[in-house]
Amino acid sequence: MADNARAKRLADLIREVVAQKLQRGIKDPRLGSHVTITDTRVTGDLREATVFYTVYGDDEERAEAAAGLESAKGVLRSAVGAAAGVKFTPSLTFVADALPDNAKTIEDLLDRARQSDEKVRETSAGATFAGGADPYRKPEADAPDEDDTDGDA
């Protein structure tokens, strides 16, 4: 089993080689300049590599890019094997990265929270405290203590 540092170096190399090959070496029109390689992960035995990518465009362009990557998988694996110089070239699996969708969802949730906070600020602008400015009870100075008996009774 390989160490984690070696797997990390191989993953970085795979990411660079695949990105360069997509930019310069593949003539598939489905894989234009709108495909970005975001991350690469390699298993501990260096046999399988998962390549995460994003596509700038709509769902149709994403589907075309996925089909283009699947068809170019052999060429990309050959390029990785030539650059890596390892005994066994890892098999490549392409996965669409969900990071942009997750980031958009988080941004939408934060916008809703900001709008809700703004509504609360507007509502509380002229409001006063329900029980006064100081909600804590204070002992009154004039009240007689229960222990304060004369003993006359």
Side-chain angles (χ1 to χ4, degrees), residues 1-140:
M1 177 168 275
D3 59 1
N4 287 337
R6 184 172 181 203
K8 175 75 171 129
R9 284 193 312 266
L10 183 60
D12 290 342
L13 178 72
I14 290 171
R15 186 180 68 239
E16 291 175 15
V17 168
V18 169
Q20 287 176 356
K21 193 71 174 172
L22 285 175
Q23 186 178 23
R24 296 186 192 138
I26 306 270
K27 301 295 186 219
D28 194 343
R30 299 175 291 186
L31 300 174
S33 61
H34 57 275
V35 176
T36 303
I37 304 300
T38 57
D39 192 19
T40 305
R41 295 185 186 148
V42 178
T43 58
D45 61 355
L46 306 179
R47 294 277 179 159
E48 297 175 10
T50 305
V51 179
F52 294 93
Y53 68 94
T54 59
V55 178
Y56 183 74
D58 57 359
D59 291 336
E60 182 181 328
E61 290 176 346
R62 289 180 188 150
E64 288 176 1
L69 286 170
E70 283 300 314
S71 70
K73 187 183 286 190
V75 174
L76 294 172
R77 185 173 181 214
S78 297
V80 167
V86 292
K87 184 176 182 180
F88 181 81
T89 303
S91 61
L92 301 177
T93 304
F94 292 97
V95 176
D97 198 355
L99 185 67
D101 296 332
N102 291 343
K104 182 173 177 10
T105 302
I106 289 172
E107 284 296 323
D108 291 343
L109 291 172
L110 288 174
D111 285 341
R112 279 199 279 166
R114 285 186 199 105
Q115 291 171 358
S116 175
D117 288 348
E118 187 61 35
K119 287 180 185 176
V120 168
R121 251 186 247 114
E122 289 173 3
T123 304
S124 66
T128 59
F129 294 104
D134 190 8
Y136 300 105
R137 292 185 182 180
K138 306 253 192 271
E140 294 189 29

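Numbers here are sequence positions counted from 1. Here the structure is a predicted model, which is why all the values come from computation and not from measurement.
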Could you please spell out the steps behind the side chain to side chain contact (heavy atoms under 4.5 Å, CB included) verdict for L10 and R6? CA-CA 6 Å; L10 183 60; R6 184 172 181 203; 5.6 Å; no
Out of curiosity, I14 CD1 to R9 CZ, how far, rounded to the nearest 0.5 Å? 12.5 Å
Just to verify, what does A72 make a side chain to side chain contact (heavy atoms under 4.5 Å, CB included) with, not counting sequence neighbours? I26, L31, L76
Measuring from I37:CD1 to D97:CG, what's the distance to the nearest 0.5 Å? 10.0 Å
Could you tell me which residues satisfy side chain to side chain contact (heavy atoms under 4.5 Å, CB included) with L109, sequence neighbours excluded, listed by chain and number? T105, R112
To the nearest 0.5 Å, how far apart are NZ in K8 and CG in L13? 12.0 Å
Measuring from atom CZ of R15 to atom CZ of R41, what distance do you get when rounded to the nearest 0.5 angstrom? 11.5 Å
With rounding to the nearest 0.5 Å, note down the distance linking CD in E118 to CD in Q115. 9.5 Å
CA sep, side-chain torsions, deciding dist, call: F94, V18, side chain to side chain contact (heavy atoms under 4.5 Å, CB included): CA-CA 11 Å; F94 292 97; V18 169; 4.2 Å; yes
What pair of heavy atoms forms the shortest contact from A49 to V42, and how long is it? CB-CG2, 4.1 Å
Among T36, D39, T40, exactly one meets side chain to side chain contact (heavy atoms under 4.5 Å, CB included) together with F52. Which residue is that? D39
So, the side chain of R77 versus the backbone of L92: is there a donor-acceptor pair under 3.5 Å, distance only? no
Nearest 0.5 Å please: distance from the OG1 atom of T93 over to the CG atom of L69. 11.5 Å
Between R62 and D59, is there a side-chain N and carboxylate O pair less than 4.0 Å apart? yes
Carboxylate-amine/guanidinium contact E122 K119, below 4.0 Å: no
Quick one: do K73 and E70 make a salt bridge, cutoff under 4.0 Å? yes
Quick one: closest heavy-atom pair of V35 and A65, and the distance? CG2-CB, 3.9 Å
